[in-house]
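Only heavy atoms go into these numbers, but all of them, side chains included; no hydrogens, no water, no symmetry mates. Whatever order the structure lists ligands and atoms in, that order sets their numbers, starting from 1. Since we're looking at a predicted model, the values are computed, not measured. Residues take their numbers from the sequence shown, with the count starting at 1.
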Amino acid sequence: MSAAPPNVPDAPPVVEFRGGVSKVFNAGTPKAFTAIRNINFRIEDLPGRGEFISIIGPSGCGKSTLISMIAGFSSHIPPTTGEVLVRGEPVTGPGRDRGMIFQKYSSFPHRTVLRNVTFGLEMHRGELGLSRSAMDDLAADWIRKVGLSGHEHKYPSQLSGGMQQRVAIARTLILRPSIILMDEPFSALDEPTRLGMQRLIMDLWHDIHATVFLITHSISEAVYLGDRVWIFTRSPGTIAVEIRDLIPPSAGVDPLHMQESPGFKQALQAVAEQFTRVTGS
Ligand code: ADP
């Protein structure tokens, strides 16, 4: 039992898959395809902290399917079996509480950096009640946080891949989602840029206290950023292993320094061994 103060009800989990969640695409047709099967987990609400879950597994095993169900994409909900709950409620569509960052730079080409970053605020203007100048101030703050000050009036095509991904991050985080879904966000970037993005995510994450699901092909990225690492089986995927206790804390530690630490190397080796065992690769 959790130690909630008297008379304060336990908060529901931030995300819960229960009842053996599966997703069969084109169910009932000759093209029926089971993408994920029998997935069950609870991510508890950790006030003022959040949790970072890294997901690794072979291509096509259903990792994107899992986070698309949390995102509430119409192509992915409802589940075929089981229930997908966010804060205790079944997911029925996308929401401002959930932000997604994809591998492909998802900025609008015809909007400047500033207007890309204000986009979400404009979309939700009615609820947020922000004036144009308040939106611009907030956007300027996020543009600074992601290291793009001075580039506000450029268009995405004038930026490098890493800078475009910084725009996507600012555009998503400005809405302060409590759940962030990242689908191989850095896999198109070169190694130094990728390390820079890992530093940035680590810094920002501790600022916004969200629950993060990160799909990555990089075991070292999974271990550096994650509090826990899930390893998926081959298709149809399910969570075969969760590695948690071995993962060393990395808050405030540079990824390059982290890679040198014995605890990190040990975790990396354990995850790599489990990955090979689970996937046979
Ligand atoms: P991963 O992210 O692990 O690479 P995905 O979740 O993208 O895997 O895909 C798992 C499987 O589900 C793939 O074979 C893919 O073709 C299939 N799939 C994904 N989305 C759809 C969809 N909307 N309709 C039909 N099949 C889909």
For Ala35, the ligand 1 atoms whose distance to one of its heavy atoms is below 4.0 Å: 12 (O)
Measure up the Phe264 and Tyr224 rings against each other and bin them: parallel (under 30°), tilted (30 to 60°), perpendicular (over 60°). perpendicular
Quick one, Leu159 and Val113 - any side-chain contact, counting heavy atoms below 4.5 Å? yes
Among all the protein's heavy atoms, is there at least one whose distance to atom 11 (C) of ligand 1 comes out below 4.0 Å? yes
Between Asp183 and Ser64: side-chain donor-acceptor atoms closer than 3.5 Å: yes
Considering the heavy atoms of Lys63, write down every atom of ligand 1 situated less than 4.0 Å from one of them. 1 (P), 2 (O), 3 (O), 4 (O), 6 (O), 8 (O)
Just say parallel, tilted or perpendicular for the rings of Trp230 and Phe41, cut-offs at 30° and 60°. tilted
In terms of side-chain heavy atoms, does Thr81 have a donor or acceptor partner in Ser22 at a distance below 3.5 Å? yes
Name the one of Ile43, Leu85, Ile239, Ile70 that satisfies side-chain contact (heavy atoms from CB on, under 4.5 Å) with Phe17? Ile70
Gly60 N/O under 3.5 Å from ligand 1 N/O: yes
Under 3.5 Å between some N or O of ligand 1 and some N or O of Phe33? no
Look at atom 23 (N) of ligand 1 and say which protein heavy atom is nearest, naming residue and atom and giving the distance to 0.1 Å. Phe25 CE2, 3.6 Å
Would you check whether Thr65 has a nitrogen or oxygen atom less than 3.5 angstrom from a nitrogen or oxygen atom of ligand 1? yes
Could you tell me how the ring of Phe119 sits relative to the ring of Phe108: parallel (under 30°), tilted (30 to 60°) or perpendicular (over 60°)? tilted
So if I count the atoms of ligand 1 from 1 in the order they appear, which ones are less than 4.0 Å from some heavy atom of Cys61? 1 (P), 3 (O), 8 (O)
Quick note on ligand 1: atoms under 4.0 Å from a heavy atom of Ser59 include exactly 4 (O)
Does the protein come close to atom 16 (O) of ligand 1 - that is, does one of its heavy atoms sit below 4.0 Å from that atom? no
Are Tyr155 and His110 near enough that their ring centres are under 6.0 Å apart? no
Is the closest side-chain heavy-atom distance between Ile36 and Pro236 below 4.5 Å? no
Tell me, which protein residue and heavy-atom name are nearest atom 8 (O) of ligand 1, and how many Å apart are they? Gly62 N, 3.2 Å
Specify the protein heavy atom at minimum distance from atom 7 (O) of ligand 1: its residue, its atom name, and the distance to 0.1 Å. Ser64 CB, 3.5 Å
Is there at least one pair of N or O atoms, one from Ser75 and one from ligand 1, spaced under 3.5 Å apart? no
